[in-house]
Structure formats: C-alpha cells, structure tokens
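Have a look at the structure below before the remarks.
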Amino acid sequence: MTILVTGGAGFIGSHTVVQLVKAGHAVVVFDNLCNGTAEALRRIERLTGKSVPLVEGDVRDRTALDALFRSYQVTAVIHFAGLKAVGESVRQPLAYYDNNVNGTLVLCQAMQAAGVRKLVFSSSATVYGSDAPVPYVETLPRGRTSNPYGTSKAMVEQLLTDLQVAEPGWSVVLLRYFNPIGAHPSGVIGEDPRGLPNNLMPFISQVAVGRLPELAIFGDDYPTDDGTCVRDYLHVLDLADGHVQALGQLVAPGLHIYNLGTGLGVSVLDMVRSFERVTGRSIPYRVAPRRDGDLAAFWADATKAQRELGWQASRGLDEMIADTWRWQSQNPQGYQD
Ligand code: NAD
Ligand code: UFG
C-alpha cells in the first residue's frame, strides 16, 4: 500500500511527502532531479524519522516506470513531475509538451499496464484562461490559455477526462492550484528555484536575504486597488494537506476537480509590505513594465474542496511569510547550504 509521488523531490512534492508520511502512508518518490534534489529527501527523513525511497528516473521512461511498478505495490499516484516556468514554455514549447503531456501519457500507460488506476494530478488555476470571471469556480469551462505551460495543463486535464470516460474504473482528481508559497515551519525544507526565480515569493525572499539587489514589480497600472496584480497565495502545507485529503476521493471511481486556494486576493504591493512587516527586512523595489501574459487579478472559489474534501486553507499570509523567511534565512543558498 504505497503512494507513488512523481516529482516528490520538488517544492510542492517534498512538502506533500512530509504530510503523507505524517498521515501514515508509505511513499516512494520518482523524480529525474531536473529541478529537485535528493537533499530534500534526506531532510524529509530528518523531519519525519522515516526514510522515503527515491527512484531516480523520468516519467517519459516507460521501462523505468514498469520496473518501479514491479518493485512497489503502488495503490495510487500523485503526479507532480513536470516543468512549470511560463516564460520558458514560450521559448521551448516542445520541451513542455514532451515533459508535461507526453510524461503524463507514458505514466498513465504504465499505470494501466500495472493495474493502478488512482491518480491525483497537479493542475493549475491557469486553465481557467484569460477571460474567466473571478472568483474562479470549477463549474466554469476551461478557457483560452496564453502560453504552452498553461496549454499543457489543459491538455492533460482533457487526456485524463477522456481516459476516465473510456475506462470508468479510473479514479482521477484534478487539483487546480492557485499560488503556493511558504515552507515547512521547521525551516528544513522549502522552495529552492534554480537560477533567477520566476515567482514573486522566492524573488522577495532572495532580495531579503541579500542574494538579489531589488524586486521588479511587473506593472502598477492594472485595474486593481493599488495597480499591482492580485493573486490567491496559499501555504504549501495547506496545499500538501489538500493532496492527502484528495486521496479519500480515489476510493470510488470517477473524476473530480477541485480548486485549492484561500479565496483571498493579495496584491504584489500588499505582499511586499506584509513581508517587510513580518520579517523586519526592507525589500527595495522598482516598478517595471508589465510581464507578458499576466492577468490583473484572480482568486479561488474553494468552497467545493471544503464541501467535498473537508479541506480549507488554515494558514494565513503572515504564517506563509514567516515560514518562507525561516527557510530562506536558515538556508540562504537553498539546499546547497
Ligand atoms: P518543482 O519544479 O519544484 O517540482 C517538480 C519536480 O518534478 C522536480 O523535482 C523535477 O525534478 C521533477 N520533474 C520534472 N520533470 C520530470 C520528469 N520528466 N520526470 C521525472 N521528474 C520530473 O515544481 P513545483 O512547484 O513543486 O510544482 C509541482 C507541480 O505542480 C508541477 O506539475 C507544476 O506545474 C504544478 N503547479 C505548480 C504551481 C506553482 O506555483 N509552484 C502552480 C500550479 C501548478
Ligand atoms: N511578480 C512581480 N515580480 C516578480 C515576480 C512576480 O511583480 O519578480 C508579480 C507577477 O507579475 C504577478 C505576481 O507577482 O502579478 C505573481 O507572480 P508569480 O510568477 O509568483 O505567479 P503567477 O500568478 O504568475 O503564476 C503562478 C505559477 C503558475 C500557475 C499560476 C496559477 O507560476 O505555474 O500561478 O496557479 F499557473
């Protein structure tokens, strides 16, 4: 009775592994380490007292997956493995469709052959597209995506929907994440992007720790209260708990879609000011032009997850910031420290 976590050496996957182990699940991680690190797994052992096996491999490698399914009695798969940088996806669309779409296809083929038909997939709020009204609710259709990353998530959602219709024995949960930030409160694991961070929170925390000189705020002329973009930030541990609770929905066959967010909008400037207040660090910033593809404001209607999974984000913005800062200040160079 083992949960296979693909991409479990990455940011969200590593936090989910901790919560799975805490909930009593046996876990095996499968990761090619292109954006994750074995050090995260060693630190998880420190945190939980349990050693979680890491099988190094690529989800596009059918032979490696077949071997894994022969070695472990896998009951369900949580599939995080994939590429996630929006800008890079515009420059390298083939890499994104190969990793995210083909990777999921090969994984499903290997699951089918092994008789494992329970899957939780990391989707994204980005599938609602650019014209959806806020808050986003699951009954909205998928919208027009504006980059290959978002399109790859929408394509995988469609692939899994078609599979579940054709083979009704499958149990599939599509989790549409909003903006995960934060870190484990121990400061032992956290987000460790390679190169210049794309996302707001790791950028701010690297400015705070002195790795970067200043934050560029991408646009202050949006139709929002302070002119900067508004997002729904949620604590990565709340998101991890959402996965543990989603496993309960895999008991019966079917396909379920849930937004995982707080339902609260926070602007870029709110985030900078809150970070300064919580940490006592100053965050120098300048206003830069808008970033291509950014939407002005979106947040979740997360009532379905509350109703059906009993899940609700419980950690507030100050806690997300304090936990991010504990991780970043204790590990200024991330897992290299
Ligand atoms: P991450 O890059 O930290 O983790 C992804 C992990 O998958 C990494 O450890 C990487 O080494 C591994 N991986 C990538 N391609 C692989 C492949 N072909 N085979 C095996 N392993 C592979 O990213 P994350 O933030 O933890 O995101 C996890 C998932 O959640 C991704 O699918 C991402 O698209 C999705 N998601 C993330 C966010 C976010 O803001 N972080 C938002 C919405 C959805
Ligand atoms: N921002 C800045 N400066 C930065 C980085 C970000 O001003 O250096 C702004 C962005 O313009 C945006 C906000 O901060 O207004 C949040 O940006 P992020 O890059 O942190 O997050 P996004 O909302 O753009 O995207 C994230 C994930 C996607 C996912 C999406 C919705 O990166 O994978 O949330 O879930 F699809």
Side-chain angles (χ1 to χ4, degrees), residues 5-16 29-38 40-41 54-61 64-65 78-87 89 95-96 98-100 102-104 106-107 121-128 136 145-147 149-150 152-153 156 175-181 191-194 196-204 206-207 212 214-220 222 224 228-234 236 239-240 243 259-261 266-269 271-272 285-300:
V5 180
T6 74
F11 172 46
I12 306 170
S14 58
H15 289 81
T16 302
V29 168
F30 185 78
D31 198 301
N32 68 0
L33 304 183
C34 72
N35 200 40
T37 160
L41 275 301
L54 166 66
V55 177
E56 222 179 303
D58 194 299
V59 282
R60 293 163 294 181
D61 181 348
L65 287 173
I78 304 182
H79 178 37
F80 293 103
L83 303 179
K84 62 164 183 174
V86 173
S89 79
Y96 275 69
D98 188 26
N99 256 276
N100 296 1
N102 184 36
T104 307
V106 175
L107 173 66
F121 173 64
S122 297
S123 191
S124 165
T126 196
V127 301
Y128 288 104
Y136 293 166
T145 45
S146 53
N147 57 73
Y149 167 74
S152 75
K153 291 291 177 191
V156 171
L175 296 179
R176 293 178 177 164
Y177 311 160
F178 283 67
N179 289 54
I181 61 171
E191 186 169 12
D192 183 20
R194 294 197 180 158
L196 201 63
N198 294 303
N199 299 116
L200 181 65
M201 195 53 161
F203 206 107
I204 291 178
Q206 290 194 17
V207 170
L212 294 169
E214 64 174 7
L215 170 72
I217 293 184
F218 299 138
D220 67 351
Y222 284 96
T224 59
T228 65
C229 292
V230 168
R231 294 288 181 272
D232 181 339
Y233 297 93
L234 82 158
V236 65
L239 181 57
H243 291 75
N259 287 338
L260 295 182
V266 172
S267 77
V268 176
L269 270 175
M271 183 62 91
V272 170
Y285 68 82
R286 70 186 160 85
V287 176
R290 290 181 177 197
R291 184 171 69 176
D292 276 353
D294 273 345
L295 300 181
F298 62 83
W299 57 92

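Because the structure is predicted, anything quoted here is derived from the model rather than measured. Atoms within each ligand, like the ligands themselves, are counted from 1 in listed order.
Ligand 2 has no N or O atom lying under 3.5 Å from any N or O atom of V86, backbone or side chain. Between T126 and ligand 2, no N or O atom pair is found at a separation short of 3.5 Å. Ligand 1 has an N or O atom lying under 3.5 Å from an N or O atom of V59, backbone or side chain. Polar contact with ligand 2: absent for M201 (N/O pair, distance under 3.5 Å). Every N/O-N/O distance between A81 and ligand 1 stays at or above 3.5 Å.
Proximity of N99 to ligand 1, defined as any heavy-atom pair under 4.0 Å, is confined to the side chain (atoms from C-beta onward). When heavy-atom distances to ligand 1 are checked against a 4.0 Å cut-off, A125 has no atom that comes that close, whether in backbone or side chain. Residue contacts with ligand 1 for K153 involve side-chain atoms from C-beta outward but no N, CA, C or O (heavy atoms, distance under 4.0 Å).
Looking only at protein heavy atoms, the nearest one to atom 1 (P) of ligand 1 is N35 ND2, 3.8 Å. Looking only at protein heavy atoms, the nearest one to atom 39 (C) of ligand 1 is P180 CG, 3.6 Å. When only non-hydrogen protein atoms are considered, atom 9 (O) of ligand 1 lies nearest to D31 OD2, 2.6 Å. At the top of the distance list for atom 3 (O) of ligand 1, counting protein heavy atoms only, stands F11 N, 2.8 Å. Here the protein heavy atom with the shortest distance to atom 25 (O) of ligand 1 is K84 NZ, 2.8 Å. For atom 4 (O) of ligand 1, the closest non-hydrogen atom of the protein is G10 CA, 3.5 Å.
Residue-ligand proximity: A40 is placed with every non-hydrogen atom at 4.0 Å or more from ligand 1. Within the 4.0 Å heavy-atom cutoff, N179 does not count among the residues contacting ligand 1.
The option from F218, F203, F298 that lies nearest to atom 4 (C) of ligand 2, judged by heavy atoms, is F218. Considering only non-hydrogen atoms, atom 31 (C) of ligand 2 lies nearest to S124 out of S267, P180, A85, S124. Closest heavy-atom approach to atom 14 (O) of ligand 2 within the set D294, V266, V268, I204: this belongs to V268.
Residue S122 has at least one heavy-atom neighbour below 4.0 Å for each of these atoms of ligand 1: 29 (C), 30 (O), 32 (O), 35 (C). Each of the atoms 10 (C), 11 (O), 13 (N), 14 (C), 15 (N) of ligand 1 lies under 4.0 Å from some heavy atom of C34. Within ligand 1, the atoms closer than 4.0 Å to a non-hydrogen atom of S124 are 43 (C), 44 (C), numbered from 1 in the order shown.
Checked by atom type and distance alone, the side chain of T6 pairs as donor or acceptor with a backbone atom of A81 at under 3.5 Å.
Counting heavy-atom neighbours within 6.0 Å of D292 CG, excluding the residue itself, gives a total of 12 or less.
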Original post:
Does the side chain to side chain contact (heavy atoms under 4.5 Å, CB included) test come out yes or no for Y233 and L200, once each step is laid out?
Top reply: CA-CA 10 Å; Y233 297 93; L200 181 65; 3.3 Å; yes
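Less than 6.0 angstrom separates the ring centroid of Y177 from the ring centroid of H243.
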